[in-house]
Structures are given as structure tokens and as C-alpha cells.
Amino acid sequence: KLNLPKVYDILILLSGPEPQRTLLETQLLKVFKGTEQKILVVRGVLENKQTTFDLKNIKIVNFMTTFELEKAINESSVIIARSGYTTIMDLTKLEKNVFLIPTPGQFEQEYLAKRLKDLGMVASCKQEKFTINKLDELALYKGLKEIKSNTNYQELFSLFEGKRKL
């Protein structure tokens with residue numbers, strides 16, 4: 001987590017299997033095209049060369065390196081992403097305000113989005129129900145926050161090293 005000046009109002013992280021990735025990209029570009037918000041879209045499409053282009057207020061890049069993505073996430077106020085486990089863990093570590101859109105048919109993503117919404121952490125909805133007005137719900141959620149733990153892992157795992165007597 002870095003305290004960088006905000007560059008983007010919204011960062012859209014696209015991922016997942018086709019055709020759902022493209023369907024969500026098309027839908028979100030349509031939704032945000034006429035807004036004044038500064039938006040970065042990371043398409044999640046690996047190609048030989050990184051390409052970038054602009055659609056008025058929207059900057060679109062096909063993929064980013066780990067460092068570039070980390071910087072972009074830190075420079076963004078709100079993240080719109082799929083509700084995959086790894087994505088959620090990364091965004092939790094960076095303590096981001098997130099709107100989750102689970103990939104249709106990916107039941108673990110649907111479960112995680114619903115669970116985090118029920119816990120009051122993130123806003124979410126089904127892909128086909130997303131509108132720009134759904135972002136108003138973000139104010140009702142506390143965002144993803146890292147849970148601090150005082151667990152002594154060295155002591156905990158010493159059992160497996162045979163150093164601790166029962």
C-alpha cells in the first residue's frame with residue numbers, strides 16, 4: 001500500500017474467461033463513456049506488446065506489469081473488478097474501496113461477492129445489473145481492510161519442526 005496522489009477516479013480491472021470478459025468490458029465502456037470521471041481500464045488481455053489508447057475520459061491498456069498495476073491501484077479511488085479470490089486478497093492488502101462484479105457461472109466468485117457485501121465491506125451486483133448508479137452504493141460500505149493479526153507463526157509452526165513438546 002502506497003499513499004500516492006489519486007490519478008484515476010475509477011480503475012476497472014477486467015479478467016476471466018471469454019466471452020464474459022469482453023461482455024463486461026463492452027458494458028462498462030458504454031456505461032462510463034459519457035461521464036466526466038477519469039477512468040483507467042486494464043483489459044487483462046496478454047499480447048506481445050503493451051498498447052494504450054484513449055476514449056475521451058477513459059484510458060485503456062491491454063495489460064500491465066505487476067509494478068504498473070500496483071501503482072495504478074494505489075492511484076485510484078475506486079476499483080471495479082471481478083470477485084476472484086486473488087483479486088480480493090490483493091485489494092484487501094491495498095485497503096481499497098471496491099465494487100465487485102462476479103463472473104457469471106463462477107459460483108465461488110458469486111459467493112465471495114455476496115459474502116463481502118453481507119459483511120458490509122463491498123458493493124456488488126450481477127454483471128447484467130450494473131449501471132453507473134450502482135456506484136452510489138459504495139458510500140454504504142467500509143471497503144476492504146487488512147485484518148491485523150498478532151499470530152506468532154514461528155511458535156505455531158514449531159509443532160511441525162518437532163521443537164515443541166505437547
Side-chain angles (χ1 to χ4, degrees), residues 1-106 109-110 112-114 116-117 120-146:
K1 180 178 177 183
L2 302 171
N3 286 323
L4 299 176
K6 296 302 176 227
V7 175
Y8 304 103
D9 298 310
I10 299 171
L11 168 61
I12 298 172
L13 298 175
L14 296 170
S15 62
E18 294 293 357
Q20 293 302 329
R21 192 210 62 77
T22 298
L23 290 171
L24 182 59
E25 177 181 354
T26 303
Q27 180 181 356
L28 293 177
L29 288 176
K30 217 179 286 181
V31 165
F32 290 109
K33 189 176 178 184
T35 69
E36 295 296 319
Q37 295 165 308
K38 191 162 183 188
I39 298 168
L40 173 62
V41 176
V42 181
R43 297 182 64 231
V45 176
L46 291 177
E47 297 173 324
N48 291 334
K49 182 181 176 192
Q50 186 182 57
T51 57
T52 303
F53 62 96
D54 295 317
L55 288 173
K56 297 185 181 180
N57 60 313
I58 304 172
K59 178 180 178 180
I60 301 169
V61 61
N62 54 344
F63 68 89
M64 289 185 153
T65 64
T66 302
F67 174 75
E68 291 170 328
L69 188 57
E70 177 186 328
K71 184 175 183 281
I73 292 170
N74 279 295
E75 292 176 335
S76 302
S77 297
V78 171
I79 312 296
I80 297 175
R82 294 296 194 187
S83 50
Y85 180 77
T86 303
T87 299
I88 291 169
M89 297 304 288
D90 288 344
L91 297 175
T92 298
K93 185 71 176 170
L94 299 175
E95 298 187 340
K96 297 310 292 185
N97 196 7
V98 180
F99 194 102
L100 295 176
I101 303 174
T103 303
Q106 300 258 337
Q109 286 193 19
E110 292 169 358
L112 288 170
K114 183 179 183 325
L116 292 172
K117 186 174 188 174
M121 298 175 81
V122 302
S124 69
C125 73
K126 292 185 177 192
Q127 183 170 302
E128 66 274 7
K129 301 225 181 222
F130 184 83
T131 65
I132 197 162
N133 294 331
K134 289 283 187 183
L135 292 181
D136 295 339
E137 295 177 16
L138 287 168
L140 304 172
Y141 297 89
K142 56 188 168 193
L144 295 174
K145 304 286 184 220
E146 187 176 14

Do Q106 and Q20 have a side chain donor and acceptor closer than 3.5 Å? no

E18 side-chain N/O to T22 backbone N/O, donor-acceptor pair under 3.5 Å: yes

Quick one: does I12's side chain get under 4.5 Å of L29's, heavy atoms only? no

Angle class for the F130/F99 ring planes (parallel below 30°, perpendicular above 60°, tilted otherwise)? perpendicular

What's the spacing between K114 NZ and C125 SG if we round to 0.5 Å? 14.0 Å

For residues L14 and L28, determine if any side-chain heavy atom of one lies less than 4.5 Å from a side-chain heavy atom of the other. yes

Presence of salt bridge, K134 and E137, under 4.0 angstrom: yes

When you measure from the side chain of D9 to the backbone of Q37, do you find a donor-acceptor pair of N or O atoms at a distance under 3.5 Å? no

Could you measure the distance from the NZ atom of K96 to the CD1 atom of I73? Nearest 0.5 Å is fine. 8.0 Å

From T35 OG1 over to I58 CD1, what is the distance, rounded to the nearest 0.5 angstrom? 6.0 Å

Is there side-chain contact between I80 and F32, with at least one heavy-atom pair below 4.5 Å? yes

So, R82 versus T103: side-chain donor-acceptor pair below 3.5 Å or not? yes

Is it the case that more than 12 heavy atoms not belonging to K33 sit under 6.0 Å from its NZ atom? no

What's the spacing between S15 OG and L24 CG if we round to 0.5 Å? 8.5 Å

Test salt bridge (Lys or Arg N to Asp or Glu O under 4.0 Å) on R21 and E25 and set out the steps. CA-CA 6 Å; R21 192 210 62 77; E25 177 181 354; 2.7 Å; yes

Quick one: closest heavy-atom pair of A113 and S124, and the distance? O-OG, 3.5 Å

What is the distance from atom CG of N97 to atom CD1 of I10, rounded to the nearest 0.5 Å? 10.5 Å

Are K117 and Y141 packed together at the side-chain level, in the sense that at least one heavy-atom pair is separated by less than 4.5 angstrom? yes

Counting distance only, does the side-chain N/O of T87 pair as donor-acceptor with the main-chain N or O of S83 below 3.5 Å? no

Flag the pair E36 / N57 as yes when at least one side-chain heavy-atom distance between them is below 4.5 Å, and no otherwise. no

Among K1, K142, K145, exactly one meets salt bridge (charged side-chain N to carboxylate O under 4.0 Å, His left out) together with E95. Which residue is that? K1

